[in-house]
Amino acid sequence: MATVKLFGTLRKHIDSGSTLEIPGEDVRAVLAALCESCSPIGDALYEDGAIRPYFLITLNGRDISMDAGLETPVLDGDRLSIFSPIAGG
């Protein structure tokens, strides 16, 4: 089970703070379970079946695009962080 930490605007969609425990054998499975448990996160994260390009997803502090992307394996105790874009001035 991975610890999923949500940042920015994604946090407003969960009641338990910003951290959840989500099962899955790879990043894709963890995200699917997350979106199944909270559909507003799925609506924010995905567009036309793909993750919106401005979200940054890291596993244990490393950008998943530097590994196997959504197929990056997830082990028990791993930390998956999802950063939404932040704008302002």
### Exceeds 12 heavy-atom contacts within 6.0 angstrom, atom CD of Glu36
no
Please name the pair of heavy atoms, one in [X] and one in [Y], separated by the smallest distance, quoted to 0.1 Å.
X     : Y     : value
Leu6  : Arg11 : O-CG, 2.9 Å
Thr3  : Thr19 : CG2-CG2, 3.2 Å
Met1  : Pro23 : CG-N, 3.9 Å
Leu59 : Pro73 : CD2-O, 3.3 Å
Ser37 : Ile22 : OG-CD1, 4.5 Å
Val74 : Ala2  : CG1-CB, 3.6 Å

Could you tell me whether a side-chain N or O of [X] sits under 3.5 Å from a main-chain N or O of [Y], the two making a donor and an acceptor?
X     : Y     : value
Asp63 : Ser65 : yes
Asp78 : Leu75 : yes
Asp26 : Thr72 : no
Arg28 : Ala32 : no
Thr58 : Ile82 : no

### Message
Are Val27 and Glu71 packed together at the side-chain level, in the sense that at least one heavy-atom pair is separated by less than 4.5 angstrom?
### Response
no
### Task
Walk me through it: do Phe7 and Ser81 pass the test side chain to side chain contact (heavy atoms under 4.5 Å, CB included)?
CA-CA 8 Å; Phe7 292 88; Ser81 300; 3.8 Å; yes
Assigning hydrophobic clusters by single linkage (Ile, Leu, Val, Met, Phe, Trp, Tyr; side-chain heavy-atom cutoff under 4.5 Å), is [X] placed with [Y]?
X     : Y     : value
Ile57 : Ile14 : yes
Phe83 : Leu45 : no
Leu80 : Phe55 : yes
Ile51 : Met66 : no

### Task
List for me each residue that meets ring pair (Phe, Tyr, Trp, His ring centres under 6.0 Å) alongside Tyr46, sequence neighbours excluded, and say none if there are none.
none
### Message
Let's go through Ser18 and Lys5 carefully: what are the C-alpha distance in whole Å and the side-chain angles of both, what is the deciding distance for side-chain hydrogen bond (donor to acceptor under 3.5 Å, both in side chains) to 0.1 Å, and is it a yes or a no?
### Response
CA-CA 6 Å; Ser18 63; Lys5 182 144 176 96; 3.0 Å; yes
### Summary
The salt bridge (charged side-chain N to carboxylate O under 4.0 Å, His left out) partners of Glu47 (sequence neighbours excluded) come to Arg52
